[in-house]
Amino acid sequence: MIWEVFRQEQAGDYHTHCGNVHAPDREMALLFAEIQHGRRKPTNSLWVAPQEEIGEVDTEDAEFGGTTDKSYRWAQTYSFEAAAEEVAESENEQVQAEAERQRGDD
Amino acid sequence: MDIEEVKQRAGPREFSPKDDLPEKYRKAATRMIQFHANSEIMGAYLERPFIREAPSLDRKLAFSAKVQDEIGHGQLLYRAAESLGIKDREQMLDELANGEGKFLNCFHYPMDSWVETPMIAFFVDGAAMRRQATLKQSSWEPYAHAMDKVCFEEGFHVKHGEAILYELMTGSKSEQERTQAAFEKWWPRIIQFFGPTDDKSTHHDFSADVGLKTMTNDELRNAFLNAYIPKAEKYGLEIPDTPRIRENDDGTYEVEEDDLDWDEFFTIAKNDAPGSHEQIGKRNRTQEAVEWVRNSMDGWESKSAGKTPQAAD
Amino acid sequence: MASAEQLAGPDELSEEEQEAVETLLFRLADDEFVVAERYTEWQVRAPTLESDLALANIAQDELGHARLWYDLLQDFGPDEPDLIWERPAGEWRHSTLTELPFDEGDWADPILRSYLYDVAEEIRLEALVDSSYARIRDRVGKIQGEEDYHREHAENWLERLTDDDEGTRRVQQALDKLLPYALTIFAPADEEIEARIDELGLRTMSLADMREEWLDTVVPYLEGLGLSVDEAELPEQYDTHHEGLELPDELGRDQSHTDDWDDLYDEFTNTYRDLDRSEATRIMKDPDEE
């Protein structure tokens with residue numbers, strides 16, 4: 001069976017998908033993943049999960065974030081100078097995320 | 001791992017569910033994150049009537065989105081708390097409903113009018129965001145990860161609250177006066193948001209030593225006052241005379257603690273204020289009313305578990 | 001009807017044409033606004049945190065759709081306060097399905113209500129795709145883009161809720177209550193104006209045809225879930241007034257409403273009146289500038 005592999009580069013990071021391996025069970029999948037996906041790239045931890053257990057919804061099936069105007073959800077819609085550093089930081093992240101989402105739509 | 005090793009290693013995002021952590025750490029972290037999660041839910045409870053009350057279509061949308069985000073934050077935080085292995089989400093939600101679960105002081109007070117909404121949506125959320133930004137460095141990795149998403153979303157809340165405050169303070173004379181009155185009512189509670197000064201706080205030392213939190217109550221309160229007093233004044237709000245707040249030469253503030261009602265604060269901390277009973281009672285009732293749905297889904301889950309192909313182990 | 005001529009823009013319509021467009025838009029806008037207003041009652045009260053987020057999102061979608069339709073009514077002069085905040089309760093045209101209150105904890109109701117509503121919504125949007133009025137036609141696609149999730153959400157819940165006895169009993173109870181009110185979705189605001197809406201090609205399917213399609217979809221689906229639709233009484237050809245399934249006294253479309261609507265209206269206009277407002281704040285851009 002096929003196992004999807006998720007790699008965490010450093011402690012505290014997120015595990016992100018990096019590939020998969022063929023293996024008969026979880027222990028073997030971990031052994032194979034360790035070499036195939038962990039031997040060169042910086043790795044702190046690996047997760048494996050059976051491919052058939054992973055559900056997916058993608059842009060074929062879904063309109064992520066909707067199709068009508070949802071700008072009320074975004075900090076940048078409210079034109080005030082951020083009250084504090086952490087508010088400004090959040091707003092920057094939102095500007096970036098929304099720009100990426102828009103690009104995805106095109 | 002023993003406590004000494006935990007203290008030694010403590011740093012941002014240092015510990016994850018695979019670490020063998022002493023019960024003392026896991027219990028302290030559970031208490032802290034459960035409190036945070038409960039507060040998201042109970043804050044949303046306070047704000048939900050204003051989805052209906054919002055005086056424009058766009059404001060209604062924003063309020064609904066904001067309350068939705070808060071419930072989403074509760075979801076993230078209960079997961080982060082669950083991952084400590086002390087309590088599961090159901091238990092924590094039960095504790096919230098039966099009055100054992102604790103939550104932020106500000107959410108124990110009733111909110112009756114639209115003019116009060118920026119007191120939560122701007123000041124309390126601003127204060128919460130100050131604290132949350134520092135918790136991205138928490139030593140419990142799942143908590144820090146939850147904070148990444150919470151902080152990402154929260155900027156909208158604070159600015160949305162600010163927009164409402166601005167609108168009220170540039171509105172009719174009556175709106176301005178009523179907003180000032182609401183501010184005077186809420187200001188001491190907002191100052192108490194950060195709890196008593198550090199020597200009175202009981203759980204501080206341990207959670208700081210093991211890196212669960214990285215800033216003290218005093219530091220957080222200072223940073224908040226630094227950013228939000230000028231904003232309040234900019235919009236024409238007058239800072240109430242009590243509690244007395246002194247600005248030091250180095251830009252820090254000192255709050256005269258004796259001007260604040262700590263009896264009330266500690267009554268609230270025990271879930272024993274009239275507002276606590278009211279809010280918790282509502283939560284309890286509405287959660288019990290949908291228990292049949294959760295039971296029905298549990299039944300479905302145990303039936304369908306057999307149908308899903310299980311991976312060889 | 002597909003061959004109907006294109007209508008002019010909002011400024012060049014005859015009085016009769018404008019009345020037809022406005023009536024159609026009020027049907028759409030008021031439905032979306034009021035159904036969403038009710039859905040938001042479940043925020044912070046849904047059975048689980050995840051289900052809370054999902055229904056809140058649907059409410060926001062529907063409110064966003066209401067916003068698009070009210071915006072087209074603004075073409076004719078009225079502003080948001082005229083259309084929502086200061087319009088008397090007795091002038092609203094939403095179907096009474098949307099205004100009914102929920103019993104506490106009765107999760108079967110919003111789920112079934114959204115199913116009944118969203119199937120109807122799909123049918124009526126489809127009938128607007130080729131509307132002779134470009135301003136309506138141009139906005140349909142955006143709205144349709146959000147409807148698939150609504151229907152899928154409702155159906156998934158229904159299939160699971162009707163898997164056990166308690167859930168089936170609850171959904172059946174909701175069905176008995178809601179079905180007559182759901183039929184008011186297809187009730188005429190005014191026979192003559194509705195006929196004009198069809199003649200002008202504003203929509204490409206009559207109310208009677210839409211209702212038939214709706215019944216053909218909803219009835220077999222619900223029966224397939226083991227629910228009983230009091231359908232035996234239905235005539236072979238469903239006529240406009242539906243003799244088999246009795247309509248409630250309050251149709252909504254003709255501006256007759258339940259007492260619960262008055263309460264709801266008082267609540268959502270409370271702040272606006274309390275603050276003595278005369279304007280409604282816009283946060284987002286005009287839909288034409290998006």
Side-chain angles (χ1 to χ4, degrees), chain A residues 1-4 8-16 21-30 44-55 65-66 68-98 100-101, chain B residues 11-16 18-19 57-66 68-69 122-123 125-127 129-134 136-137 139 141 144-145 148 150-166 223-224 226-228 230-232 234 308-313:
Chain A
M1 62 190 284
I2 295 171
W3 296 76
E4 297 298 339
Q8 179 197 50
E9 288 200 2
Q10 288 177 26
D13 285 354
Y14 292 83
H15 283 76
T16 51
V21 290
H22 277 273
D25 61 30
R26 189 159 70 198
E27 276 64 39
M28 294 296 280
L30 287 166
N44 181 65
S45 153
L46 291 177
W47 289 345
V48 296
Q51 186 179 61
E52 66 192 23
E53 292 291 326
I54 291 178
T68 59
D69 190 359
K70 300 271 195 290
S71 54
Y72 53 87
R73 289 176 180 168
W74 301 101
Q76 57 272 29
T77 303
Y78 304 83
S79 49
F80 294 87
E81 194 189 326
E85 192 187 323
E86 61 276 7
V87 180
E89 196 178 314
S90 168
E91 181 168 347
N92 288 339
E93 288 174 8
Q94 294 190 20
V95 170
Q96 260 174 34
E98 185 55 2
E100 276 163 32
R101 206 180 70 83
Chain B
R13 306 181 183 218
E14 180 64 28
F15 306 120
S16 75
K18 65 189 179 194
D19 287 305
L57 199 46
D58 285 6
R59 287 264 186 264
K60 189 184 287 289
L61 277 162
F63 240 99
S64 173
K66 194 213 161 189
Q68 181 190 31
D69 281 356
F122 184 52
F123 292 108
D125 278 8
M129 211 179 157
R130 182 83 285 274
R131 171 147 71 194
Q132 282 159 348
T134 69
K136 284 186 187 182
Q137 309 303 319
S139 61
E141 180 200 84
H145 282 179
D148 286 340
V150 168
C151 289
F152 168 79
E153 294 179 354
E154 196 79 17
F156 143 49
H157 303 182
V158 176
K159 293 192 77 185
H160 159 251
E162 184 167 1
I164 295 173
L165 178 63
Y166 170 80
F224 169 75
N226 256 318
Y228 286 83
K231 276 283 191 183
K234 182 178 161 191
T308 314
Q310 291 297 298
D313 202 82

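Just so we're clear, the structure is a prediction, and the values are computed from it rather than from any experiment. Throughout, a chain's letter reflects where its sequence line sits, starting with A, and its residues are numbered from 1.
Heavy-atom pairs under 4.5 Å with chain A were tallied for B:A133, B:A62, B:A65; the largest tally goes to B:A62. In terms of non-hydrogen atom pairs under 4.5 Å with chain B, the most contact-rich of A:M28, A:Q76, A:E81, A:Q10 is A:E81. No other option in B:E162, B:H145, B:R130 has as many heavy-atom pairs under 4.5 Å with chain A as B:H145.
Looking at B:F122, the atoms closer than 4.5 Å to chain A (heavy atoms on both sides) all sit in the side chain, from C-beta outward. Residue B:K60 does not touch chain A at all, counting heavy-atom pairs closer than 4.5 Å. Heavy atoms closer than 4.5 Å to chain A are found in the side chain of B:Y228, but not in its backbone. Interface remark: A:D69 contributes no atoms to any contact with chain B (heavy atom separation under 4.5 Å). For A:A29, no part lies near chain B; criterion is any non-hydrogen pair under 4.5 Å. In this structure, chain A has no heavy atom under 4.5 Å from any part of B:Q132.
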ask   = A:E93 and B:K136: salt bridge (Lys or Arg N to Asp or Glu O under 4.0 Å), yes or no, with the steps?
value = CA-CA 15 Å; A:E93 288 174 8; B:K136 284 186 187 182; 3.7 Å; yes
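Here the NZ atom belonging to B:K234 is positioned 8.0 Å from the CZ atom belonging to A:F80, to the nearest 0.5 angstrom.
Side-chain contact of B:S64 with B:K66: a donor-acceptor pair under 3.5 Å is absent, judged by distance alone. A donor-acceptor contact closer than 3.5 angstrom links the side chains of A:N44 and A:Q8. Defined by atom type and a distance below 3.5 Å, a donor-acceptor pair is missing between the side-chain atoms of B:E154 and A:Q94.
A 6.0 Å sphere centred on CZ of B:F152 holds more than 12 heavy atoms belonging to other residues, nucleotides or ligands. Atom NE2 of A:H15 has more than 12 neighbouring heavy atoms from other residues, nucleotides or ligands inside a 6.0 Å radius.
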